[in-house]
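Here's the structure, in structure tokens; my notes come after.
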Amino acid sequence: MQMMTRNVLLNMELEEDDDEDGDIVLENLDQTIVCPSFGSLENQQDFRTPEFEEFNGKPDSLFFTDGQRRIDFVLVYEDETKKENNKKGTNEKQRRKRQAYESNLICHGLQLEATRSVSDDKLVFVKVHAPWEVLCTYAEIMHIKLPLKPNDLKIRSPFGTLNWFTKVLRVNESVIKPEQEFFTAPFEKSRMNDFYILDRDSFFNPATRSRIVYFILSRVKYQVMNNVSKFGINRLVSSGIYKAAFPLHDCQFNYESEDPSCPSERYLLYREWAHPRSIYKKQPLDLIRKYYGEKIGIYFAWLGYYTQMLLLAAVVGVACFLYGYLNQDNCTWSKEVCDPDIGGQILMCPQCDKLCPFWRLNITCESSKKLCIFDSFGTLVFAVFMGVWVTLFLEFWKRRQAELEYEWDTVELQHEEQPRPEYEAQCNHVVINEITQEEERIPFTTCGKCIRITLCASAVLFWILLIIASVIGIIVYRLSVFIVFSTTLPKNINGTDPIQKYLTPQMATSITASIISFIIIMILNTIYEKVAIMITNFELPRTQTDYENSLTMKMFLFQFVNYYSSCFYIAFFKGKFVGYPGDPVYWLGKYRNEECDPGGCLLELTTQLTIIMGGKAIWNNIQEVLLPWVMNLIGRYKRVSGSEKITPRWEQDYHLQPMGRLGLFYEYLEMIIQFGFVTLFVASFPLAPLLALVNNILEIRVDAWKLTTQYRRMVPEKARDIGAWQPIMQGIAILAVVTNAMIIAFTSDMIPRLVYYWSFSIPPYGEHTYYTMDGYINNTLSVFNITDFKNADKENPYIGLGNYTLCRYRDFRNPPGHPQEYKHNIYYWHVIAAKLAFIIVMEHVIYSVKFFISYAIPDVSKTTKSKIKREKYLTQKLLHESHVKDLTKNMGLLIAEKMGEVVDNNVRPKLE
């Protein structure tokens, strides 16, 4: 194919929208023509337009009207001459840009055919076909790996003798047949005979054809303004010149295609993957990869593997929960809280100034019983288990990912990726490459890059500070509303009111604050998504992978602070810096710092996690299921004429919802945030893996249902791994060990209870003759004399609240009258030492196990390494033998020709 090398610039005379003024670019074969600034473009002799054809009445057809040329892409626009309520000048400008763009597509070798909509006469569908020469040329440019010969390596089944058992879980191979394996190599036109070409029509599969056409569509120019080229279908769609651009689904999702040559892969995916009856089956990953591309395939492979691993974590978590539930009746300290003769006689100090009353400890009876379920020895075992589990998951996923890289032929993918069109458009600076010593263009200098990085980092920091400000606002809300609940909820001091039994001021404050926190999280999340995309666009990464990795880090950093900040506050800050009733700590000089329940803040952390995880799952399902379904329902309702039977394939797909370039990014983000909840705070909520497991089983099928039924087909993209999400998960896994150790040490009361049991229940500190938990509550609540209020700037808040002289509070301090009254006692220092020792021991043990597991389990299995080396050897051998054969053939011809010349020269003198 002869590629186009010249441009035709047509000067446009525009009355409005100065920012859109510029020269229209028309690419021509052999000459440059400067056209006048007046007249319509279609009158120019170098302008090329697609052929208009009527719909042939075949709704399942994937070909042009001639039935021979396959439709590789579809562009949709609204006829400018039939637009309503628009300025004439604007329509004319858009028409000229579109026509220039289509002309340049034709000049690049693509073939276009236009057809008007069956249901809306204003819509025009431009079908794009890439001929064989175009496909070959761009396959070489894009370094696409294509089949050389069938793969003769034997692949053993991973299930072995369990095949009979796992057969019911696998996809029926008679319905979805296994793909034939090939040895592959980057395509070269000069070596076309080396490749396994049985049929030109099937050598490039539909996904590869769409990739190549999209590559061209993204780089064809249509306008030059101030020496800056404007190009690409994405810009044209975003500016409204085109309404949509997408590859076609091969059939309807609920019916097979009437065309016998069509494999109806969409229907197979819906039937064997997205349908609810297939919820127990393994995913057909090879067909997903073939139809949607490796990028979507690797996401579903990761999600499926994560869900499988969650099964083990969920089983252990449920076992630990049941252990706590079944042993809650043996919880001595909870019995003491509920005992009218112990907890009912302990008068607790007010938790706020003036408005909060004195209260009896036994009003927290119900919450103490619930706390026994989660704050048990089983929680410690589960936290240690999850530290090991997350390492096993990450290491085994690396191995699985390496297998997929080999099977899906993405081992050397980094050599294939091309720069983004937006990056290429800004490459105006020329530098010398240090390696090649050749000139190359870059978008900005080193100084400019530093300025961009500084501005982007400042913007991200500003938004993180904004989230922290919102967290502080929630804290202020908790402090202020706690006063309201304290004055309205308790009806009497004995705690006999049913409301007091279940809804304490602490619980009411926690629930309302968690709900408000969740609402603020979702609002900030929606706003920051747009801001993060703007920042990343300004940063201008080179490739699509670099773009997504940069956006991933920004979004996750924000989401980390957004989702987890309230949990970190409850786990590690609430109730830790409150002082004591005689000298309390105040926020902003006004609000007294809030305290935990007598049993600690663990139950409140569990409540926070439950609300955020549950609310997030419900919200995401509403967004993912109801929103596209309702939008498509509205679209079908608005359609005026015709049924789907007489509507062409391209028009049916147009009325589906667009997925968006970052659609998969949000799916990853949702799962990684969940992964953080499952690992970072699992010590407070052993049922988190079970909730995640149930959610993920539904998530896989919901995502599959969306892709196959509600969304247009995405442009297939290559990917060798899950990108920046892998190091993010590794960072979460390392942090999870620290957070869970600190939750057990500082948030739960496990360490104080163990210290009391082993040291302070027996002499010299205790009065019992044997190890016991009896007396724990009385010995771990300090005593305060209400006349000992020390803040001279404030009036004593306890005077006038009742005829009481002493009250109890949660801390380890000496009683009034002691030589060091209200100073931390010996119990406090024993507990602090035990907590620090526990954190150090637990972290070192788990980190040692993690290191050993990481070392013992290689990232790539020995079998996969052998397969990769074997395939590389055979591929090189095949190409080398082919090259030697061609060289020998050429040398033989050359030698024969030379010999002929020598003989001719030797014979000629004799004849003379």
Side-chain angles (χ1 to χ4, degrees), residues 324 327-349 351 358-380 493-495 504 575 580-581 595-603 744-785 804-835 837-838:
N327 286 276
Q328 62 176 329
D329 293 335
N330 300 324
C331 189
T332 305
W333 62 271
S334 177
K335 291 180 180 179
E336 291 184 350
V337 170
C338 298
D339 191 337
D341 297 328
I342 301 177
Q345 299 302 317
I346 295 178
L347 183 70
M348 300 298 293
C349 298
Q351 293 185 314
F358 292 91
W359 52 286
R360 299 291 180 184
L361 181 62
N362 64 342
I363 71 171
T364 62
C365 176
E366 291 301 318
S367 62
S368 69
K369 289 181 179 178
K370 296 184 182 74
L371 189 59
C372 286
I373 299 175
F374 299 102
D375 194 0
S376 65
F377 179 73
T379 301
L380 172 60
I493 202 166
N494 294 319
T504 63
Y580 68 99
E595 302 177 26
C596 295
D597 279 333
C601 287
L602 192 68
L603 187 60
I744 293 174
F746 292 106
T747 309
S748 79
D749 264 8
M750 184 176 296
I751 302 299
R753 290 199 299 269
L754 290 175
V755 171
Y756 177 82
Y757 182 84
W758 292 107
S759 298
F760 284 80
S761 64
I762 58 173
Y765 303 109
E767 300 176 353
H768 299 280
T769 58
Y770 55 91
Y771 297 110
T772 180
M773 286 299 296
D774 293 339
Y776 170 76
I777 292 296
N778 190 55
N779 280 273
T780 54
L781 291 176
S782 300
V783 180
F784 173 68
N785 190 327
Y804 308 106
T805 57
L806 298 177
C807 62
R808 309 293 290 272
Y809 61 98
R810 176 184 164 85
D811 207 344
F812 307 110
R813 294 179 183 267
N814 294 313
H818 191 277
Q820 293 183 329
E821 64 176 3
Y822 302 125
K823 299 293 183 182
H824 287 118
N825 57 23
I826 189 66
Y827 191 2
Y828 171 82
W829 298 111
H830 275 72
V831 168
I832 289 295
K835 287 181 176 181
F838 170 80

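Note that these values count all heavy atoms, side chains included, but never hydrogens, waters or copies made by symmetry.
Of the possible polar contacts, one joining the Arg808 side chain to the Leu781 backbone as a donor-acceptor pair under 3.5 Å is found. Counting only distance, with no hydrogens or angles, the side chain of Ser334 and the backbone of Cys331 share no donor-acceptor pair below 3.5 Å. Counting only distance, with no hydrogens or angles, the side chain of Lys823 and the backbone of Arg813 share no donor-acceptor pair below 3.5 Å. Under a 3.5 Å cut-off, the side chain of Ser782 and the backbone N or O of Asp811 do form a donor-acceptor pair. Between the Glu336 side chain and the Ile342 main chain, no donor and acceptor come within less than 3.5 Å of each other. Not a single donor-acceptor pair under 3.5 Å links the side chain of His768 to the backbone N or O of Tyr770. The backbone N or O of Phe374 lies less than 3.5 Å from a partner atom in the side chain of Thr379, making a donor-acceptor pair. Between the side chain of Glu821 and the backbone N or O of Gly817, at least one donor-acceptor pair lies under 3.5 Å. The backbone N or O of Asp341 sits less than 3.5 Å from a side-chain atom of Asp339, completing a donor-acceptor pair. The closest donor-acceptor contact from the side chain of Thr747 to the backbone of Ile744 lies at 3.5 Å or more, if one exists at all.
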*Could you go step by step and tell me if Asp375 and Arg753 meet the salt bridge (charged side-chain N to carboxylate O under 4.0 Å, His left out) rule?*
CA-CA 11 Å; Asp375 194 0; Arg753 290 199 299 269; 3.2 Å; yes

_Using ring-ring contact (aromatic ring centres under 6.0 Å, His included), reason through Tyr822 and Phe784 one step at a time and then give a plain yes or no._
CA-CA 8 Å; Tyr822 302 125; Phe784 173 68; 5.6 Å; yes

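The residues Arg810 and Asp749 are annotated as salt-bridged, a charged nitrogen and a carboxylate oxygen being separated by less than 4.0 angstrom.
Relative orientation of the Tyr804 and Phe358 rings is tilted, given thresholds of 30° and 60° on the angle between their planes. Using cut-offs of 30° and 60° for the angle between ring planes, the Trp758 and Tyr771 rings count as tilted.
When all heavy atoms of Cys349 and Trp359 are compared, the closest pair comes out as O-NE1, 3.1 Å. Looking at every heavy atom in both residues, Lys369 comes nearest to Gln328 through O-OE1, 3.4 Å. Nearest approach of Pro752 to Phe812, heavy atoms of both residues: CB-CZ, 4.2 Å. Leu603 approaches Ser367 most closely through the heavy-atom pair CD2-O, 3.5 Å. The two residues Asp774 and Tyr756 come nearest to each other via the heavy atoms O-OH, 2.5 Å.
Paired with His830 under the rule side-chain contact (heavy atoms from CB on, under 4.5 Å), one option of Asn825, Ile751, Val755 passes, and it is Val755.
Here the straight-line distance linking atom CG of Leu347 with atom CG of Leu806 works out to 9.0 Å at 0.5 Å rounding. The distance from atom NZ of Lys370 to atom OG1 of Thr364, rounded to the nearest 0.5 Å, is 11.0 Å.
Between Cys338 and Asn362 there is no side-chain heavy-atom pair separated by less than 4.5 Å. The shortest side-chain heavy-atom distance between Ile346 and Arg360 does not fall under the 4.5 Å cut-off. The closest side-chain heavy-atom distance from Thr769 to Ile762 is not below 4.5 Å.
Taking the six-membered ring wherever Trp is involved, the centroid distance between the rings of Phe760 and Tyr827 falls below 6.0 Å.
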